[in-house]
Number of protein chains: 2
Amino acid sequence: MVHYIHSNRILVALDCIIFGFDGEEIKLLLIKRNFEPELGKWSLMGGFLNADEDLEAAAHRILYNLTGLDNNYLEQLQTFGAVKRDPVERTISVVYYALVNSQQQDLNAIRAHNAYWISLSEKPDLIFDHDAMVEQALRQLRYKAALHAIGFELMPEKFTIPQLQKVYEAIYTKLLDRRNFSRKILSTDLLIDTGEKDTNSVTKKGKLYRLNTEKYQKYLTDYVSFFPELTLS
Amino acid sequence: MVHYIHSNRILVALDCIIFGFDGEEIKLLLIKRNFEPELGKWSLMGGFLNADEDLEAAAHRILYNLTGLDNNYLEQLQTFGAVKRDPVERTISVVYYALVNSQQQDLNAIRAHNAYWISLSEKPDLIFDHDAMVEQALRQLRYKAALHAIGFELMPEKFTIPQLQKVYEAIYTKLLDRRNFSRKILSTDLLIDTGEKDTNSVTKKGKLYRLNTEKYQKYLTDYVSFFPELTLS
DNA sequence: AGCGAATAGTGTGTATTGAACACAATTATA
DNA sequence: TATAATTGTGTTCAATACACACTATTCGCT
């Protein structure tokens with residue numbers, strides 16, 4: 001097989017920012033490292049790109065190994081490539097972020113990796129440039145959620161409109177008007193009334209909806225300003 | 001120096017999609033390859049990441065070598081990493097896109113690289129996955145220009161409002177209303193009247209403006225829905 | 001010099017959308 | 001059965017988008 005003459009072959013890592021939602025707050029799935037390097041410190045879940053593995057496949061592998069989840073929103077964020085970013089050896093890292101609804105995750109796999117769901121407000125300092133990665137992922141999440149209807153990705157199968165509202169309020173740390181929120185969501189025609197009611201609710205039980213997945217696909221691919229009022233800064 | 005045990009060190013390439021504007025159409029700076037591999041075919045301008053070079057610096061180097069330009073809008077687009085994307089050898093490519101105002105470019109450097117400004121409508125087929133890269137860059141350009149005021153990056157130092165309108169019409173292949181466009185741009189307070197008039201114009205000479213660069217920085221970093229009406233599809 | 005063609009610039013009304021707020025309905029608990 | 005807490009629906013006002021009318025400047029032609 002022919003090769004390029006250029007000799008600078010380097011390690012390609014992947015790191016995953018995994019966002020979840022517990023009903024109140026946005027959470028991150030972080031690793032308390034029980035391996036070298038930087039043993040004992042906190043980091044993102046990551047791994048190296050294998051020789052016969054597509055980049056996208058590697059991202060799915062890493063996410064699957066940690067969470068047992070395989071069917072989530074997963075998007076490439078950016079590639080970090082400063083020379084000194086990894087003190088061990090020159091490594092560039094292709095960063096992905098995932099949105100998971102924390103329902104059918106594999107708790108054993110998570111425990112085995114020494115991973116924990118941590119609130120954004122309680123995030124510890126992370127190794128290398130992982131803090132910058134999280135910061136950028138959060139910016140991208142806010143950006144994207146204002147334009148596309150990805151808030152649903154953090155919801156369980158069935159959910160009420162007030163629950164969905166909590167996701168957006170958590171993403172933007174900003175309270176929204178119930179009445180206007182409800183009208184906006186319903187006007188998209190993305191929700192299907194299941195006929196069921198939320199049993200967890202203490203007082204009035206809200207309608208449980210599920211996502212109209214076909215229409216949702218259009219909302220993802222099309223550029224639609226979903227929440228123009230949620231501008232950043 | 002310590003190294004990772006993982007053995008899969010691979011080549012990291014960078015490819016640049018370079019957008020320009022000639023007053024009528026969006027143009028791409030493409031290479032008619034006079035070197036291997038794929039000699040004689042068209043491609044993006046690219047190169048390999050060097051050992052002691054930050055990723056961002058490599059992108060600037062490649063753009064500078066080709067155009068002589070060093071102070072342009074340059075943004076990382078995405079990293080392409082399919083196993084077979086480069087038939088010569090496994091290579092991942094970090095793709096950047098640049099917006100240049102085709103004024104003070106180094107024509108000798110461009111000629112030396114056998115590069116040409118090609119209209120989007122006349123783009124030839126490119127090697128490897130470069131077509132997909134261009135397609136995605138164009139999508140990103142449309143996305144971004146609808147939200148942020150990056151249309152200015154394709155303008156010369158001084159320009160008239162109708163000229164700026166042409167940029168947006170070229171990006172979206174869509175005609176815009178003169179009156180509303182003018183009002184919207186002026187309301188941003190991003191333009192400074194130079195007092196001069198456009199001498200090239202055949203009939204009524206328009207006012208020449210220049211960009212208020214401080215305010216412009218805010219428009220770039222802030223999320224602002226710049227042209228909500230320019231939705232994609 | 002005067003006129004028409006072409007392009008640049010300013011103004012105005014209507015329809016749509018966002019945002020604030022009032023009120024009615026449901027359910028557990030006291 | 002009243003009360004507290006939360007959900008669901010309606011209404012009004014202001015801001016913005018959008019369509020379209022009109023005026024202004026400049027060149028070239030008669």
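Proteins come first, then strands; the chains are lettered A, B, ... in the order of their sequence lines, and each starts at number 1.
Salt-bridge formation is detected for the pair Lys144(B)/Glu75(B): a Lys NZ or Arg NE/NH1/NH2 atom is positioned less than 4.0 Å from an Asp or Glu carboxylate oxygen. A salt bridge is defined here as a Lys NZ or Arg NE, NH1 or NH2 lying under 4.0 Å from an Asp or Glu carboxylate O, and Asp131(B) with Lys123(B) meets this definition.
Spacing between atom CD of Gln163(A) and atom P of dG8(D) amounts to 10 Å, rounded to whole angstrom units. When rounded to the nearest whole Å, the span between CG of Leu176(B) and P of dC20(D) equals 15 Å. For Arg178(B) and dA24(D), the CZ to C1' distance is 12 Å, given to the nearest whole Å. Put simply, CG on Asp198(B) is 14 Å from C1' on dA6(C), counting in whole angstrom units. In this structure, NZ of Lys184(B) is placed 18 Å from C1' of dG11(C), rounded to the nearest angstrom. Following rounding to the nearest Å, Phe181(A) (CZ) and dT7(D) (C1') show an atom-to-atom distance of 14 Å. The distance from atom NZ of Lys166(A) to atom C1' of dT6(D) is 11 Å, rounded to the nearest whole Å. A straight line from OH of Tyr209(A) to P of dT7(D) spans 12 Å, rounded to a whole angstrom.
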Salt bridge (charged side-chain N to carboxylate O under 4.0 Å, His left out) between Asp193(A) and Arg210(A), intermediate numbers included: CA-CA 7 Å; Asp193(A) 192 339; Arg210(A) 61 186 176 80; over 6 Å; no
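Contact of Arg179(A) with dA22(C) (side chain to base): a donor-acceptor pair of N or O atoms is detected under 3.5 Å. Residue side chain Asn180(B) reaches the base of dA19(D) through a donor-acceptor N/O pair under 3.5 Å, judged by distance alone.
At a threshold of 4.0 angstrom between heavy atoms, the contacts of Asp177(B) include nucleobase atoms, whether or not backbone atoms are also involved.
When atom types are taken as modelled, the side chain of Tyr96(A) and the backbone of Asp15(A) share no donor-acceptor pair closer than 3.5 angstrom. Under the 3.5 Å distance criterion, the side-chain polar atoms of Ser119(B) are left unmatched by any main-chain donor or acceptor of Glu122(B).
In terms of phosphate contacts, Lys204(B) brings no side-chain nitrogen or oxygen within less than 4.0 Å of OP1 or OP2 of dG9(C). For Lys205(A) and dT6(D), the shortest distance from a side-chain N or O to OP1 or OP2 is not below 4.0 Å.
You'll find that the side chain of Arg183(B) is closest to dC18(D), out of dA19(C), dC18(D), dC27(D).
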